[in-house]
Amino acid sequence: KQYFLKSFLAVSVLEILSLFTWQNLFWHSLIYLIIIGASLYLILKNRENALYIVTAELAVGSFGYLFSLDSSGLNLSWRMGLFLIIIAVYAFDSLKEMFTVGLKTWLVSLWKDKYIRYFLLLIVVILWGVLRGVILGNQGNAIFFDGNGYLFLLLAFPLLSWLKNFSAWNKWLAVLGGAVFSSTLKVWFLFYLFIHDKTWITPWVYKWVRDTRGGEITQMQGDFFRIF
């Protein structure tokens, strides 16, 4: 119950803050940095928190742009920011362990984990696909945009490493449930606004949903809207 409530309140507050700051670059960027900083703190405090944070973020947005950092043409989404800090923390942990037990022992330990071994083999296949694209003379940007869609698989290494003895699935379900419940209320809120033709606010809300890629709003017939 505690995790459900925390997840629901956190996601709901972030949705509201996103709605009211998405057109203000300064405040939107500041909140983004606060979120990333808070996420880093929670992960450093307890590695299991990475699972909860990633779960909640995935539940609220299909593209991860509820908040983003837009600077000098770089548009770094909340999801990409989480990806980077999780990989960075895992790299730090791995280097620390490597220097403690030695490179050979660390590699043997890594290979003994059957789940990580499967993902290593999968990454080899992906790298072969990228190399084959280069050999066949495909354009660099086409190879990059096709290949970077698989980068999320790298999260398997920190999550499998940190969650070897994870058993708090009830907490995970509570976090997921809180985030999904918040997203459900968001859909009903949007549905209410659009079917009641609140023209003083609907264009703004529509642009927010479109630009943050938090959903899709399509007018079908008359006052009937498809929202998902």
**OP:** Could you tell me whether the side chain of S77 and the main chain of Y65 form a donor-acceptor pair under 3.5 Å?
**Re:** no

**OP:** Could you tell me whether the side chain of S183 and the main chain of A59 form a donor-acceptor pair under 3.5 Å?
**Re:** yes

Original post:
Quick check: does any side chain N or O of S18 sit under 3.5 Å from a backbone N or O of L66, one acting as donor and the other as acceptor?
Top reply: yes

Original post:
Is it true that a side-chain atom of S182 and a backbone atom of G178 form a donor plus acceptor pair closer than 3.5 Å?
Top reply: no

Original post:
With the 4.5 Å side-chain cut-off for hydrophobic clustering, are F20 and V11 part of the same group?
Top reply: yes

Original post:
Per the side-chain contact (heavy atoms from CB on, under 4.5 Å) rule, which among L120, I86, I87 passes with F157?
Top reply: L120

Subject >> Contact check, side chains of W22 and K207, non-hydrogen atoms, under 4.5 Å >> reply: yes

Subject >> Distance (rounded to the nearest 0.5 Å) between F119 CZ and L122 CG >> reply: 7.0 Å

Original post:
With side chains defined as the heavy atoms from C-beta onward, is the minimum distance between T184 and W188 less than 4.5 Å?
Top reply: yes

Subject >> Side chain proximity check, I36 to L69, heavy atoms < 4.5 angstrom >> reply: no

Original post:
Is there any salt bridge (charged side-chain N to carboxylate O under 4.0 Å, His left out) pair reaching into residues 9-37, and which pairs are they, with sequence neighbours excluded?
Top reply: E15-K186

Subject >> Test item: W128 and L131 side chains (from C-beta on) under 4.5 Å apart, heavy atoms >> reply: yes

Original post:
What orientation do F67 and W78 show, parallel under 30°, tilted 30 to 60°, or perpendicular over 60°?
Top reply: perpendicular

**OP:** To the nearest 0.5 Å, tell me how far I123 CD1 sits from L154 CG.
**Re:** 5.0 Å

Original post:
Between CG of L25 and CG of L30, what distance do you get to the nearest 0.5 Å?
Top reply: 11.0 Å

Original post:
Can you find a pair of side-chain heavy atoms, one from K6 and one from Y3, that are under 4.5 Å apart?
Top reply: no

Subject >> A50 to L159 - nearest heavy-atom pair and separation >> reply: CB-CD2, 4.3 Å

Original post:
Do the side chains of L95 and L44 join up, straight or via other hydrophobic residues, at under 4.5 Å, putting them in one cluster?
Top reply: yes

Original post:
With a 4.5 Å limit on heavy-atom distance, are the side chains of Y52 and W172 in contact?
Top reply: yes

Subject >> Interatomic distance, Y32 atom OH to T21 atom OG1 [nearest 0.5 angstrom] >> reply: 13.5 Å

Original post:
How long is the gap from CG on L163 to CG on L51, to the nearest 0.5 Å?
Top reply: 5.5 Å

Subject >> Hydrophobic cluster identity match, W27 and V13, side-chain contacts under 4.5 Å >> reply: no

Sequence neighbours excluded and cut-off under 3.5 Å, please list the side-chain donor-acceptor pairs for residues 100-110, or say none.
| unit_1 | atom_1 | unit_2 | atom_2 | d |
| --- | --- | --- | --- | --- |
| T100 | OG1 | K96 | O | 2.8 |
| T105 | OG1 | V101 | O | 3.4 |

Original post:
So does R117 have more than 12 non-hydrogen atoms from other groups sitting under 6.0 Å from CZ?
Top reply: yes

**OP:** Look up atom CG in L17 and atom CD1 in I34, then write down how far apart they are to the nearest 0.5 Å.
**Re:** 9.0 Å

**OP:** Kindly work out whether a path of hydrophobic side-chain contacts (I/L/V/M/F/W/Y, heavy atoms less than 4.5 Å apart) joins F8 to V54.
**Re:** no

Original post:
Can you list the residues that meet the side chain to side chain donor-acceptor pair (under 3.5 Å) rule with D93, with sequence neighbours excluded?
Top reply: R47, W162

**OP:** Check whether any side-chain heavy atom of V60 sits under 4.5 Å from a side-chain heavy atom of L14, and report yes or no.
**Re:** no

Original post:
Sub-3.5 Å donor-acceptor pair from the side chain of S94 to the main-chain atoms of Y90, do we have one?
Top reply: yes

Original post:
Got L185 and S12 here, is their nearest side-chain heavy-atom distance under 4.5 Å?
Top reply: no

**OP:** Would you name the heavy atoms of I126 and L153 that are closest together and state the gap between them?
**Re:** CD1-CD1, 3.4 Å

Subject >> hydrophobic_cluster_shared for L33 and Y41, side chain cutoff 4.5 Å >> reply: yes

